[in-house]
Amino acid sequence: MPARPIVKETGRPKYYQTHPGIIMQETRLRFPPSPTGYLHIGGARTALYNWLYARKTGGKLILRIEDTDVDRSTRESIDGIIDGLTWLGIDWDEGPYFQTEFSDDHRSAAARFLADGAAYKCFCSKEDLEAKREAALAAKGDVRYDGTCRTLSREDLAAKERAGLPYVLRFKTPHREGTIGYDDKVLGRIESNYREIDDFVVVRSNGAPLYLLCNVVDDIRDRITHVVRGQDHMTNTIKQLLLYEALGAPIPVFAHMPLTLDTKKAKISKRSHGEIVAVQFYRDHGFIPWAFNNFLVLLGWSPGDDREFFSREELIEAFSLERINKSASIFNYRKGDPKFFTDPKAIAINEHYLRTMPIEELAPLVKEELTTAGLWDNAYDADRHSWFLATIELIRSRFHTLKDFSSLGRAYFSDDFQIDEKAFRKNLAATPDLQLWLPELAREYQAMPDFSLAETERLARAAAERAGVKPGIVINAMRTVLTGQLAGPSMFDILLALGRETVVKRMQATPELYHPFQPQQP
RNA sequence: GUCCCCAUCGUCUAGUCAGGUCCAGGACACCGGCCUUUCACGCCGGCAACACCGGUUCAAAUCCGGUUGGGGACGCCA
């Protein structure tokens, strides 16, 4: 049924009535990381999808740190997650809330369950449970909880309580016929038989409520309308449906995103993949934040047409829960690949932004990189600003990441740069006479009245002719002497970018390159 | 083992809900060409997939069933 507008404003409905008497409310989504590691690309993608949907619908994104497992939660991890989100540009409207600050809510919900008979005390020891599970596994049978304590007699219960035995609280899954289910925005109708759901633990023996319960209580309190999370939560969702019911709360919209696997189809994790799956890795390796978001969003979602690059506004406009894929995608990282240090598509998308984004937007990112590398000069923001922008423009098409500005592009910003060994062998070592020709050409450059594109090229070609070699010999040698590289922009553009003084100085020093480590003669 | 989810080029994917316009489109990667003082960029071209079997239908990548394969969950983790 199409939404029926109840308030009209300049031809555009602002509020909608989806059912009689019910006005569609603001969407509220959340990103609830557990601070037990860094922000990895799976978590970042979850955050991104939630953020996109919140922004698209004009709703709110809530950041909630799920730190109920105090033993494993760390301050560094919380900082890492927040830094990661900030770097990506994923902002939130409320929070960060900390789950531990709401333990009263969780405990009172648990107490209410016990009072209502929706949960019961279970005295089974960890050892017994573990033994049963192993036995079941060995017999290839059912590993779910068998309900031993659900049917404890009044006398047994009283006796165990008197004895002061530790107990956990288990949710009493209704013994009903039929199924329970929900309409997943990605997967469609999902149903599960009641008899498949065992009595799960909601409160630890030390009195601390567990994830399944806390998560639902928090979502209800935070008035969450849409839960967008990984498919690994699907069985949790079924159990949480029961919790919503027991708490008398309406269930939110669920959307289960496909997982991201490695090339061997295993779930990506810090343990097995290391830094390569950490968001921080991409920041440290010179990725453009938005480019990385653009890569992430395509891992499990597509707009339905051939577009692959989106501005922030375009992506928010194009995004929808329904177009999220059902099947898992693979993070195509092959360890030890000499050419691609991460998924080639991620690099390709970064390159695209690097060479097409407005130079004024790229400049601050390059500034940051040069600053980190100790190559920044404040003049680049002042009287040399137009030079700075022109130089970035000149060199960026050959670069892959922001790091390249301080490595491959170092010679443009500093006299302290390395000569690439391969470049030396090919462009210099093969023709030792360049030690004479280049300084000579440098003297001509020094003396010429007009240090221009056309004139510098004319003199270089004349020098080659004089020496009886092809122009490329001289030109490529100059490239290596001036930039340390084998390849680069058009040579005479480089000359002008570097400036006459630097060009002359470096070319005159050519012979030194041939004898870098020659010991002093006595 | 039980339950759940998934299945199109090497990878990300479009097409599947409303079967024909798909001997399957795009991107990345790879290969070739053009451009060129180098290397890129750019442009042009190429390689490459509907997991399998059966059914429904005039017609199936698309609907149905099964098989196989992959993944997830089965914690006093989140």
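Quick note on labels: first sequence line is chain A, next is B, and so on, each numbered from 1.
Pair check for B:C50 finds none; no Watson-Crick or G-U wobble contact set falls under 3.5 Å. Base pairing of B:A73 is made with B:U2, judged by Watson-Crick or G-U wobble geometry with both donor-acceptor distances under 3.5 Å. Nucleotide B:A59 is matched to nothing when pairs are restricted to Watson-Crick or G-U wobble geometry with both distances under 3.5 angstrom. Pair check for B:U38 finds none; no Watson-Crick or G-U wobble contact set falls under 3.5 Å. Base pairing analysis places B:U21 opposite nothing; no Watson-Crick or G-U wobble pair with both distances below 3.5 Å involves it.
When each of B:G25, B:A78, B:U37 is scored by its nearest atom to the side-chain atoms of A:Asp306, the top-ranked nucleotide is B:G25. Proximity note for A:Glu308 (side chain, C-beta onward) versus B:G26, B:A29, B:A78: the nearest is B:G26. Considering only side-chain atoms of A:Val143, the nucleotide from B:A40, B:C74, B:C6 that sits closest is B:C74. The listed nucleotides are B:U13, B:G26, B:C76; the one nearest the side chain of A:Lys345 is B:G26. Comparing B:C6, B:C5, B:A73 against the side chain of A:Thr235 picks out B:A73 as the nearest. Closest to the A:Lys265 side chain, of the nucleotides B:G70, B:G25, B:U11, is B:G70. Among B:U37, B:C6, B:C12, the nucleotide with an atom closest to any side-chain atom of A:Ile330 is B:C12. Which of B:A40, B:A78, B:G71 sits closest to the side chain of A:Gln99 comes down to B:A78.
In this model, the phosphate group of B:A29 is not approached by any side-chain N or O of A:Arg334 to a distance below 4.0 Å at OP1 or OP2. At B:C4, none of the side-chain N or O atoms of A:Arg144 fall inside 4.0 Å of OP1 or OP2 (strictly under the cut-off). Residue A:Lys267 places at least one side-chain N or O closer than 4.0 Å to OP1 or OP2 of B:A73. At the phosphate of B:U38, neither OP1 nor OP2 sits under 4.0 Å from any side-chain N or O atom of A:Arg398. Phosphate contact (OP1/OP2 of B:C41, side-chain N/O of A:Arg396, threshold under 4.0 Å): absent. Side-chain nitrogen and oxygen atoms of A:Ser397 include none within less than 4.0 Å of the OP1 or OP2 phosphate oxygen of B:A40.
When each of A:Arg144, A:Arg170, A:Lys172, A:Arg150 is checked for a salt bridge (Lys or Arg N to Asp or Glu O under 4.0 Å) with A:Asp199, only A:Arg150 meets the rule.
Side-chain polar atoms of A:Gln231 and A:His256 form no donor-acceptor pair below 3.5 angstrom.
If you take CZ of A:Arg195 and P of B:C74, they are 21 Å apart, rounded to a whole angstrom.
Among residues two or more places apart in sequence or in another chain, the salt bridge (Lys or Arg N to Asp or Glu O under 4.0 Å) test is passed with A:Arg229 by none.
Nearest-nucleotide assignment on RNA chain B puts the 5′-proximal partner with A:Glu196, out of A:Glu196 and A:Asn325. Map A:Ala328 and A:Pro471 each onto its nearest nucleotide of RNA chain B; the residue landing nearer the 5' end is A:Ala328.
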Quick test: give all pairs of protein nitrogen or oxygen and nucleotides 42-52 of chain B nitrogen or oxygen below 3.5 Å, distance rounded to 0.1 Å.
| from | atom 1 | to | atom 2 | distance (Å) |
| --- | --- | --- | --- | --- |
| B:G42 | OP1 | A:Arg355 | NH2 | 3.2 |

